[in-house]
S.K.: 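Pasting a structure here, questions to come.
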Amino acid sequence: TFMDRNKDKQIKFLYKFNFEEQVSVSFEIKINNKTLLIENDVSHTNKSWARLENFKCPNCPLNELEHEYCPLAKNLAGVLDFFNTLPSYKEATVSVETNERITYKQTTVQIGVGSLIGIIMASSGCPVIGVLRPLVRFHLPFASLEETEYRVFSTYVFAQYFKYITGDKPDWDLSKLRSAYEQIQIVNKNIVNKLSDVELNDTSRNAVVTLSSFAEYIIFNLEDKEYIHLKDVFNSFGESSDSNFKSQTD
């Protein structure tokens, strides 16, 4: 069947940056459809700053004797080098080609690189940010704050439903999601600090700062239950089938 032919297919993201000078650069990520981990070597790095002993976050559970390189830093190294010559404010038409579609946006290098880095960070093998890997499966390039909020909450609640139907204990009040994002913020801040020590331009560092702002937004909404503003979107699910039928036939 169609589903059988595609179930083992890689998830591919091809980011193309087209500039006014008729110059185009592209960067591709291939991700395993089941594990949601990066499969192509996007880095080829042997940089000392990417070693776990040099890049390790305060909350990292990895053992330096078992992991020579930080998986996140190792996978980021390639994209950092790739875009190091491009200033963050430079305008570009960025296209993101996936298995299903192509998305275009006229934006800055920083925004395009931020979208790219977000995928790499989640699918790098980092045990902390790895909780966001399900979002990679349904990645939305250049998502707004509200779109990101919706994807995070809906994905997490769907995961809790699977726990519920398999007899596990679901986290319906989202308390573990808040804890997970607080841990992610520790990683984000460490990345920004470490990249400040590396002789690179501000493009990638600013991109991570933007991602950190997204995470801060999620934490704030979880703390103050500000996500309740999304409730009205789901009003139709609260209506009975009879009332829906009546309204359609009146």
Side-chain angles (χ1 to χ4, degrees), residues 9-33 36-47 49-50 70-126 129 132-133 135-148 151 187-188 191-192 194-196 198-215 217:
K9 202 162 67 169
Q10 286 178 322
I11 305 170
K12 298 178 182 179
F13 297 98
L14 179 62
Y15 274 71
K16 292 183 179 179
F17 293 73
N18 299 294
F19 302 99
E20 290 181 355
E21 300 87 346
Q22 305 301 311
V23 175
S24 176
V25 296
S26 60
F27 197 96
E28 185 174 38
I29 309 171
K30 298 178 182 179
I31 295 174
N32 185 287
N33 198 31
L36 298 179
L37 293 170
I38 294 175
E39 288 199 319
N40 61 319
D41 190 346
V42 299
S43 175
H44 303 286
T45 188
N46 57 0
K47 297 181 182 298
W49 63 262
C70 162
L72 194 155
K74 179 178 173 63
N75 282 289
L76 274 185
V79 72
L80 298 185
D81 282 345
F82 195 82
F83 291 98
N84 190 37
T85 59
L86 299 174
S88 61
Y89 55 82
K90 189 172 181 64
E91 290 284 330
T93 300
V94 183
S95 66
V96 184
E97 183 175 341
T98 67
N99 301 49
E100 290 83 17
R101 66 189 59 86
I102 302 177
T103 304
Y104 296 90
K105 184 177 179 66
Q106 184 68 34
T107 186
T108 61
V109 170
Q110 176 182 318
I111 299 299
V113 172
S115 180
L116 175 61
I117 284 179
I119 298 174
I120 293 175
M121 288 169 63
S123 57
S124 67
C126 168
I129 294 188
L132 300 181
R133 282 209 304 271
L135 294 174
V136 173
R137 179 63 183 84
F138 302 102
H139 176 62
L140 180 62
F142 321 118
S144 66
L145 278 172
E146 190 173 49
E147 287 167 336
T148 300
R151 288 174 59 243
V187 175
N188 285 336
I191 295 172
V192 173
K194 295 296 184 182
L195 294 185
S196 297
V198 180
E199 293 184 1
L200 297 170
N201 70 10
D202 62 351
T203 299
S204 299
R205 187 170 60 252
N206 287 349
V208 178
V209 169
T210 300
L211 292 173
S212 183
S213 298
F214 273 51
Y217 177 77

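Since the structure is predicted, the reported quantities are computational estimates derived from the model, not experimental observations. Just so you know, residue 1 is the first one in the sequence shown, and it goes up from there.
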S.K.: Please determine whether the number of non-hydrogen atoms from other residues, nucleotides or ligands lying under 6.0 Å from atom CD of E20 exceeds 12.
M.R.: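 No, CD of E20 has 12 or fewer neighbouring heavy atoms, counting only those of other groups under 6.0 Å.
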
S.K.: Any chance you could measure I111, atom CD1, to K105, atom NZ, to the nearest 0.5 Å?
M.R.: 8.0 Å

S.K.: Please find the pair of heavy atoms, one from K90 and one from F19, that lie closest to each other, and give the distance.
M.R.: CE-CD2, 3.6 Å

S.K.: Please report the interatomic distance CG(N75) to OG(S123), rounded to the nearest 0.5 Å.
M.R.: 7.0 Å

S.K.: Measure across V109 and F17 and return the closest heavy-atom pair with its distance rounded to 0.1 Å.
M.R.: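 Minimum heavy-atom contact is O-CE2, 4.0 Å.
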
S.K.: Starting from the C-alpha separation in whole Å, work towards a yes-or-no answer on side-chain contact (heavy atoms from CB on, under 4.5 Å) for K16 and V94.
M.R.: CA-CA 6 Å; K16 292 183 179 179; V94 183; over 6 Å; no

S.K.: Can you check whether T148 reaches L145 side chain to side chain, under 4.5 Å on heavy atoms?
M.R.: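 Not touching, per the 4.5 Å side-chain cut-off.
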
S.K.: Within a strict 4.5 Å, meaning less than it, do heavy atoms of the R137 and N33 side chains meet?
M.R.: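 Side-chain contact under 4.5 Å: yes.
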
S.K.: Using 0.5 Å steps for rounding, measure from the CD1 atom of I31 to the OG atom of S124.
M.R.: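 It comes to 10.0 Å.
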
S.K.: Aromatic rings Y15 and F142: how do their planes relate, parallel, tilted or perpendicular, breaks at 30° and 60°?
M.R.: perpendicular

S.K.: For N40 and K30, which heavy atoms make the closest approach, and how far apart are they?
M.R.: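 Closest heavy-atom pair between N40 and K30: OD1-N, 2.8 Å.
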
S.K.: Does some side-chain heavy atom of K12 sit less than 4.5 Å from a side-chain heavy atom of I29?
M.R.: no

S.K.: Which pair of non-hydrogen atoms, one from P141 and one from S115, has the smallest distance, and what is that distance?
M.R.: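 Taking P141 first and S115 second, the nearest heavy atoms are CA-OG, 3.8 Å.
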
S.K.: Rounded to the nearest 0.5 Å, what's the gap from CD1 on I191 to SG on C70? Could you check?
M.R.: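 One finds 7.5 Å between CD1 of I191 and SG of C70.
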
S.K.: If you take all heavy atoms of R151 and H139, which pair is closest and at what distance?
M.R.: NH2-CA, 3.6 Å

S.K.: Looking only at heavy atoms, what is the nearest atom pair of E91 and T107, with distance?
M.R.: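 Heavy-atom minimum between the residues: OE1-O, 3.2 Å.
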
S.K.: Show your working on side-chain contact (heavy atoms from CB on, under 4.5 Å) between I129 and N188 and close with a plain yes or no.
M.R.: CA-CA 9 Å; I129 294 188; N188 285 336; 4.1 Å; yes

S.K.: Which value, rounded to the nearest 0.5 Å, describes the distance between F13 atom CZ and I120 atom CD1?
M.R.: 11.0 Å

S.K.: Run through T98, V136, L36 and flag the one making a side chain to side chain contact (heavy atoms under 4.5 Å, CB included) with I11.
M.R.: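 Of the listed residues T98, V136, L36, the side chain to side chain contact (heavy atoms under 4.5 Å, CB included) partner of I11 is L36.
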
S.K.: Just verifying a value: how many Å separate L14 CG and I102 CD1, rounded to the nearest 0.5 Å?
M.R.: 8.5 Å

